[in-house]
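Please read the structure below before turning to the comments.
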Amino acid sequence: MKIFITRLIPEAGIKILKNAGIEFDQWSERRDVPQDDLIKICQRYEGLISVGQDNIDKKFLNACKHLKVIAQMAVGYDNIDIPEATKLKIPIGNTPGVLSSATADTAFLLMLAVSRKAFFMHQKIINNEWGFYEPTENLGIELHNKTLGIFGLGKIGFEMAKRCAKAFGMKIIYHNRSNNILAEKELNAKRVSFDELLLQSDVLSVHTALTAETKGVFNIDAFSKMKRNAIFINTARGAIHNETDLIKVLDEKMIWGAGLDVTNPEPMRADNKLLQMPNVAVLPHIGSATEETRNAMATLAAENIDAASKGKRLLHAVNPEVFG
Ligand code: GLV
C-alpha cells in the first residue's frame, strides 16, 4: 500500500510504516494542504493519514472514493463526514485512549492557571509591571472541595475528574447521554441534567465531541445560569462555546474565568480580547502535545494503516460498520 500523510509525524509512526513495507509521502510545507491539492495528490495513493483539521467532506470523499483507509491522527473527527465515508465503505480510524492523560493534564493546567491568574501575572513580569506588593490585589480562588462539572464524561473527562477528585477532593458531577458507571463507582460521580451542571459547577470542563448537538451549547443562555465564581474550561473543540458570549459574560463578571485550549477559529488572533483578561488562560490547542502522547498517536495511526493494508479491521475505527 502507498499512503499520503498531511503533516510530518513522529518517528514512531514512520518506523511502523517502514517495517510494514508501506510506502508513504509526507506534506512538509508549514501550511495546511488546500483541499483541491489534497484531492489531486490522493489520486496517486490508496490510503491517507490525516493530521490536523483536513476538510474530509462529501466533496473530498467522493473525489477520493478509491481510498482504502483514512487514519486520523487525532481522537476527534468532526472534520470528516463519517456518514458519507461509511456510505462509500471507507474505513476511518482515529486515536482514542492514548491522549486522554495528556489532554486531561492540559485541562487541569488551565483550571489552575485561571484560578490563580497565572498567565496574566506572568505577562505582568514580562511587561515590567511586577510592582508594589498589595495584599488585596490579584487574588485567585481556591479549588479544594469545590464541585467539578464535566460536560461529556468519556475517557478524557474521566482523567480530568480523577485529577480533580484526588488533588483537591472535588465533588464530581457530569452531564452525558448515558451513565459512566466507572466514574460513578471510582469517583462517586453523579449524573445531572445540563441545567444542574450549569447551576452547580464551580469548575465546568468540556470534554465532549463537536457534533450538531454540542455546537454552540455554551452560549449566553448557558453561561447566564453558571455561578458568578465559576471557571469554564474547554479543551475539546472551540465551536462548542460561543466566543462572543464568553467575552460578554467575562466582561460583565457573570462567571469568574475561563481556560481554553481550543478556540474558534484556530489560530486565535493576537488582538483577541480574551488574551487581555486577567482571569483567562489560552493555549494554542496543545492538549495532546507531549512526546509520549504524540508518539503513541502516530503509532496508532500507522497501525490502523497497517491493518487496512492487510485487509484487516482497524484497531480503532470510527465507522466499524464498513467491515460488515
Ligand atoms: C485533538 O484535538 C484531537 O482530536 O486529538
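Just so you know, ligand 1 is whichever comes first in the structure, and atom 1 is the first atom listed for that ligand.
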Under 4.0 Å to a heavy atom of H285 - the qualifying atoms of ligand 1, by number: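 Going through ligand 1 atom by atom, the ones under 4.0 Å from H285 are 1 (C), 2 (O).
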
Contacting atoms of ligand 1, where contact means under 4.0 angstrom from a heavy atom of L99: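 The list of qualifying atoms is 5 (O).
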
R237 touching ligand 1 at heavy-atom level, < 4.0 angstrom: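 Yes; R237 lies near enough to ligand 1 that a heavy-atom distance drops under 4.0 Å.
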
Residue-ligand contact Q72/ligand 1, heavy atom below 4.0 Å: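 Judged by the 4.0 Å heavy-atom criterion, Q72 does not count as contacting ligand 1.
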
K117 side chain vs A113 backbone, donor-acceptor pair below 3.5 Å: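 The answer is no, because no donor-acceptor pair under 3.5 Å joins these two groups.
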
Would you call [X] and [Y] a salt bridge, taking side-chain N to carboxylate O under 4.0 Å as the test?
X: R163; Y: D105; answer: yes
X: D25; Y: R44; answer: no
X: K68; Y: E46; answer: yes

Ligand 1-proximal atoms of T95, by part, heavy-atom distance under 4.0 Å: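 The answer is neither; T95 stays 4.0 Å or more away.
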
Distance-only N or O hit between ligand 1 and V75, under 3.5 Å: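 Yes, V75 has an N/O under 3.5 Å of an N/O on ligand 1.
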
Test of proximity, G76 against ligand 1: N or O pairs below 3.5 Å: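 The answer is yes, given that G76 and ligand 1 share an N or O pair closer than 3.5 Å.
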
Any side-chain donor near an acceptor of the partner, N179 and E184, under 3.5 Å: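 Yes - a donor-acceptor pair under 3.5 Å links their side chains.
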
Donor + acceptor pair across side chains of N319, T86 (<3.5 Å):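 Per modelled atom types, N319 and T86 side chains form a pair under 3.5 Å.
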
